[in-house]
Amino acid sequence: MEYNFREIETKWQKYWLDHKSYQAEDPGTAGTVKPKYYGLSMFPYPSGAGLHVGHPLGYIASDIYARYKKLLGFNVLHPMGYDSFGLPAEQYAIQTGQHPAITTEQNLKRYREQLDKIGFSFDWDREVRTSDPSYYKWTQWIFKQLYNAWYNQTANKAQSIDDLMVIFENEGNADIKAASAPTELFSAAEWKAFSEKEKQAILMNYRLTYLADSWVNWCPALGTVLANDEIKDGVSERGGHPVEQKLMRQWSMRITAYADRLIQDLDAVDWTDSIKDQQRNWIGKSVGASVVFKTEAGEPIEVFTTRPDTIFGVSFMVLAPEHPLVETITTDKFKDAIATYQKQTSLKTERDRQADVKTISGAFTGAYALHPFTGDKIEIWIADYVLAGYGTGAVMAVPCGDQRDYDFAGHFGIEIKNIFKDVDISEQAYTEKDAIITNSDFLTDLPAKKAIKLAVFEIEKRGFGKGQTNFRLRDAVFSRQRYWGEPFPVYYKDGTPYLVADDQLPVTLPEVDKYLPTEDGEPPLARATKDAWNVFEGDRMEYNTMPGWAGSSWYFLRYMDPHNEEAFVSKEKADYWNQVDLYIGGSEHATGHLLYSRFWTKFLFDMGFISFNEPFKKMINQGMILGRSSFVYRDKASGKFVTAEKRHEFETSQLHADIHLVDNDKLDIEAFKKWLPEYKDAEFILSEEGTYTCGHEVEKMSKSKYNVQTPDELVEKFGADTLRCYEMFLGPLEQAKPWDTKGINGVHNFLRKFWRLFHDAENNFEVSDAAPSKEALKTLHKTIKKIQDDLERFSFNTAVSNFMIATNELTEQKCNNRAILSELLILLTPYAPHITEELWSQLGNTESITKATFPTFNPDYLIEAEFAYPVSFNGKMRFTLPLPTEFTKEEVEKAVLANEQTIKYLDGNAPKKMIVVPGRIVNIVI
RNA sequence: GCUCGAGUGGUGGAACUGGUAGACACGCAAGACUUAAAAUCUUGUGUCCAUUAGGACGUGCGGGUUCAAGUCCCGCCUCGAGUACCA
């Protein structure tokens, strides 16, 4: 029989499905005496374009590892699902009127077909879809838990809001340390006297998800607000539309409450330094002090500084142009100049302001602050290098210790005091924290680090301010003015929000006539009639929907218990499956999904619903697969297409050609003519051989570059096993690499060669039951060791090479030994599950190879009688000399020195030194 | 600018703790089978010199440590990713 991959793959895919071969066993069943292993791939958003070859890369790696763990005797959870709420389906709905649920369903079906063809070991009975009401019921439920919780900084954990109310009733809020919005102090008696509405407003300041007027990133083109991580380079990540700042009443998540733990617990996870760094920078912790400067005008200015040790170096103050105090402190004489400057900055977009870092600008207010320690008068300026949104929107400028302050002072001719001993600041500021402080009263002669501590102590003692830690991380806006997302379990009565009761959940998406905002600018859900809602209470329901990251922040928990109607996950199952052992996905989610998931996990942990506080124990980020675009060159003068070899003889423009028209850089001219109508009569200037050679470049895969390769076409042509092996063979998983179909033949040949090990010259299945040869055993055990080592360090590419080597060696040995080949099949099955399953059954096995046990490595088979020592002279390898492996250092030395080649290379010189590493190398120094 | 990662043949890439650089595969070349093509098989393939034997040079660049450096240390260059006036 020939290697008929199409038949084999269909056959076994059906078998696995029918036999539920990949079912994970839940706690309480027999399977759970085995250790558990939870391997997860980031679930996809099912887009209309379907999968291209880049998408399955991570899934394949994750699948191989999951299958490997199963062979090692683990109870494996390896699920897949869909992040099925999202903008593209809704944009499509706006254009065509087709309900996003229908679009999503269609895309999802296509994804499933594509995934099925690749032969993944997913337990499809556990599939989750974030847009499914039975799923988002629990997303709404978690939202409710967050609403009913506050963050107790003393206990350093989230607690029920009921506990907080008890404290308010007993002692007011004076002694509460909580992550909260600024709240007026009140006593127990005052609390009791507040109206219900007042009480609710105060509680809103403490809740972990809260409704507040906040400055948000409004994207007019998308008609919605966006979170910070959804904006790249000042424009929306999706679509690249401009974004502006707008004050809106929005739901937010108090992720800032967890800022410190989100940084600290990074030490406990096995992720790349790059992702950890990105998260650390995004959270942006800075330790320093908040200091209050009195002003002549009376109104004090609060600043935040990380260098309280440099407080005697302050030579001016800078407020953000938007700072509220600017109006009150500016003197009449400078009113016009300040107004002009404010206007000037307000006209700049956020993007311009960021882009133009070089130009120094600012304006003097005419007002003066007073130095808290010296009482000196300090000029107060405004400048756009101070941002309203960070810290207090005001800085104490220390030119000698901060480059921006230094440049500003230089530009406006402001005095630069030097408070660093023996440091030259004539050229630039000195920003290191290792100088000795001088000219600074009680801080003089202290090293900076000690001075910081003392300065904070003195500032607090004299009541000028306090030590403080600031974070760059902002609370995450949680409302979206869109249709295709989770509705909130919230209704309004007299303008106050209330939660929908648990037994009424989920609040499902109501039907609407159009997927656009209303005339008054309300979100699409405002179009729904009262009857269209399955739950309607109060005056109205919440019109916003949740953002894309809501559903993806906890989906890994739902896989553990996907059909539970009583809880988002049972405690028992969450305890058993616990953390995701290996998470594979793209690094682009560093500051979005990966941060939000950690936040929700910590919250659910605090509230006692789960017993672990980090979701993903180990993570690998697969690199992007880039496309290899092909180009044709059109002569600008004649319009003829010039072959790549001759293109420099003409002035040409470079145009993309569909990669499907090109084989090995040679263009199929006839197909090219038929490809696009405009090329129907194309003429060509060919190479000497009469062919047309295309140019190529590595670019991102995209439709417009005609360089998209879908897995389907490759599966059709070579089979899923070839595709799986080839994607792995391409290079290290984490590395970005260009896709090139050229090499796929080699991998396909390897599988055919592997198939032939089991067949005779006439392609009849034939294996021998004789005792295996020594050589074959050596090849097998060498391979077992390599494959296992490679898998343990996630080196999938080298494993494929090692399979090739083993196959080549066994072919050479003409080995068709049952014992050897059986074990080799088990080794290979994670990579090529179909062909191995087929051969396994042909060997007479009645049970699936997925139930087999990974072979055990036996080093005895690798023991050699001789080792070919590489003999080097002064580090240069000259020849190899086979010597018995049991030879000692001295014996090797003796044998090498007696060798005639050694004598030749010594050329009469006496060796100065001789290094012998037994079993490794000999080096002679002359 | 800062942070992280990476630079090895014509190409993708290998080389675990310093120990035979270029495994494996693609591509290319020659040959076998074939009327021919495809498929398959065999051989060769880092560069340069040499008919051979052999030799010199080679892991982005410049130094260093070492018997020995792709691997370790110092200084640079280039590319990629992230981030950007964060006080």
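In the text below, chain A, chain B and the rest are named by the order of the sequence lines, each starting its count at 1. FYI, side chains are in, hydrogens and waters are out, and symmetry mates aren't considered; it's all heavy atoms of this structure.
Residues satisfying the salt bridge (charged side-chain N to carboxylate O under 4.0 Å, His left out) test with K786(A), not counting sequence neighbours, are none. Every residue two or more places apart in sequence or in another chain that forms a side-chain contact (heavy atoms from CB on, under 4.5 Å) with N707(A) is listed here: S629(A), I659(A), E699(A), M701(A), K705(A). For M624(A), the side-chain contact (heavy atoms from CB on, under 4.5 Å) partners at least two apart in sequence or on another chain are L626(A), K700(A). Partners of E230(A) according to the salt bridge (charged side-chain N to carboxylate O under 4.0 Å, His left out) rule, which considers only residues two or more places apart in sequence or in another chain, are R480(A). Residues that satisfy the salt bridge (charged side-chain N to carboxylate O under 4.0 Å, His left out) test with D434(A), not counting sequence neighbours, are absent from this structure. Scanning for side-chain contact (heavy atoms from CB on, under 4.5 Å) contacts around V398(A) gives T310(A), V314(A), M396(A), C400(A), with sequence neighbours left out. With sequence neighbours left out, the salt bridge (charged side-chain N to carboxylate O under 4.0 Å, His left out) criterion links D270(A) to K618(A).
Between rG5(B) and rA32(B), the distance separating the two C1' atoms is 48 Å to the nearest Å. Across the C1' atoms, rG27(B) and rG10(B) are found 7 Å apart, a figure rounded to whole Å. Nucleotides rG60(B) and rU51(B) have their C1' atoms positioned 37 Å apart, rounded to a whole Å. The separation of rA25(B) from rU45(B), taken at their C1' atoms, amounts to 14 Å, rounded to a whole angstrom. When the C1' atom is compared between rU65(B) and rC72(B), the two are found 8 Å apart, to the nearest whole Å. Comparing rU78(B) with rC73(B), their P atoms sit 22 Å apart, to the nearest whole Å. A distance of about 7 Å separates the C1' atoms of rC77(B) and rC61(B), rounded to the whole Å. With P as the reference atom, rU8(B) and rG62(B) are 16 Å apart, rounded to whole Å.
Across all strands, K876(A) comes closer than 4.0 Å only to sugar-phosphate atoms, never to a base (heavy-atom distances). The residue M877(A) sits close to a base: some heavy atom pair falls under 4.0 Å. Among the heavy atoms of the strands, none lies under 4.0 Å from N470(A). Among the protein residues, F803(A) comes within range of no part of the nucleic acid, since none of its heavy atoms lies under 4.0 Å from any strand.
Within the 4.5 Å cutoff, side-chain heavy atoms of F879(A) are placed close to those of N899(A). Counting only heavy atoms from C-beta outward, the side chains of V395(A) and M317(A) never approach each other to under 4.5 Å.
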At under 4.0 Å between heavy atoms, which parts of nucleotides 63-80 of chain B does protein reach? Answer with one letter per nucleotide, 5' to 3': B base, S sugar-phosphate only, - none.
----BS------------
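A sub-4.0 Å separation between OP1 or OP2 of rA87(B) and a side-chain N or O of T392(A) is absent. The shortest distance between the side-chain N/O atoms of R878(A) and the OP1/OP2 oxygens of rG55(B) is below 4.0 Å. Contact annotation: N749(A) does not reach the phosphate of rA39(B) (side-chain N/O to OP1 or OP2, under 4.0 Å). Between Q735(A) and rG13(B) there is a side-chain polar atom (N or O) within less than 4.0 angstrom of OP1 or OP2.
If you find the closest nucleotide of RNA chain B to D277(A) and to P738(A), the one lying nearer the 5' end belongs to D277(A). Both Y905(A) and N745(A) lie close to RNA chain B; mapped to their nearest nucleotides by heavy-atom distance, the more 5′-ward contact belongs to N745(A).
Of the candidate nucleotides rA87(B), rC26(B), rC16(B), rC26(B) has the atom nearest to the side chain of K742(A). With rG13(B), rA87(B), rU20(B) as the choices, the nucleotide that has an atom nearest any side-chain atom of T880(A) turns out to be rU20(B). When distances are taken from the side chain of I921(A) to each of rC57(B), rU40(B), rU20(B), the shortest belongs to rU20(B). Each of rA87(B), rA39(B), rG13(B) was ranked by its minimum atom distance to the side chain of R752(A); first place goes to rA39(B). For L387(A), taking side-chain heavy atoms from C-beta onward, the closest of the listed nucleotides rU40(B), rC86(B), rA25(B) is rC86(B). If you check rC85(B), rA25(B), rA87(B) against the side chain of F729(A), the one that comes closest is rA25(B).
If you take CG of D405(A) and P of rA87(B), they are 11 Å apart, rounded to a whole angstrom. Rounded to an integer number of Å, the gap from D740(A) CG to rG12(B) P is 9 Å. Between K753(A) atom NZ and rA25(B) atom P the separation is 7 Å, expressed in whole Å. Rounded to an integer number of Å, the gap from L626(A) CG to rG12(B) P is 12 Å. Separating the OH atom of Y385(A) from the C1' atom of rC85(B) is a distance of 9 Å, rounded to the nearest angstrom. One interatomic measurement links the two molecules: CD1 of I625(A) to C1' of rG13(B), which rounds to 14 Å at whole-angstrom precision. The nearest whole Å value for the distance from the OH atom in Y726(A) to the C1' atom in rG13(B) is 11 Å. In this structure, R628(A) places its CZ atom 16 Å from P of rC26(B), rounding to the nearest Å.
Checked against the 6.0 Å centroid criterion, the rings of H748(A) and Y726(A) do not qualify as a close aromatic pair. F408(A) has its ring centre less than 6.0 Å from the ring centre of F316(A). Checked against the 6.0 Å centroid criterion, the rings of W381(A) and Y341(A) do not qualify as a close aromatic pair.
Figure legend. rU3(B) is base-paired to rA81(B); pairs are counted as Watson-Crick or G-U wobble with both atom distances under 3.5 Å. Pair assignment for rA68(B): none, as no Watson-Crick or G-U wobble contacts are both less than 3.5 Å. Using the Watson-Crick or G-U wobble rule with both distances under 3.5 Å, rU59(B) pairs with nothing in any strand shown. Shown here, rG10(B) forms a base pair with rC26(B); the pair counts as Watson-Crick or G-U wobble because both key distances fall under 3.5 Å. Base pairing of rU40(B) is made with rA32(B), judged by Watson-Crick or G-U wobble geometry with both donor-acceptor distances under 3.5 Å.
In summary, the side chains of E734(A) and N621(A) do not present any donor paired with an acceptor at a separation below 3.5 Å, with no hydrogens or angles considered.
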Under 3.5 Å, side-chain donor or acceptor atoms of residues 910-926 of chain A against the rest of the protein: list the pairs with distances, not counting sequence neighbours.
from    : atom 1 : to      : atom 2 : distance (Å)
N923(A) : OD1    : G875(A) : N      : 3.1

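For the segment residues 788-802 of chain A, residues with any heavy atom less than 4.0 angstrom from an atom of RNA chain B are, sorted by number, R793(A), N797(A), T798(A), S801(A). Against RNA chain B, the stretch residues 395-404 of chain A makes heavy-atom approaches under 4.0 Å through V395(A), R404(A).
rG9(B) adopts a syn glycosidic conformation, its chi angle falling within 90° of 0.
Residue pairs that meet the side chain to side chain donor-acceptor pair (under 3.5 Å) test with at least one member in residues 870-882 of chain A, sequence neighbours left out, do not exist here.
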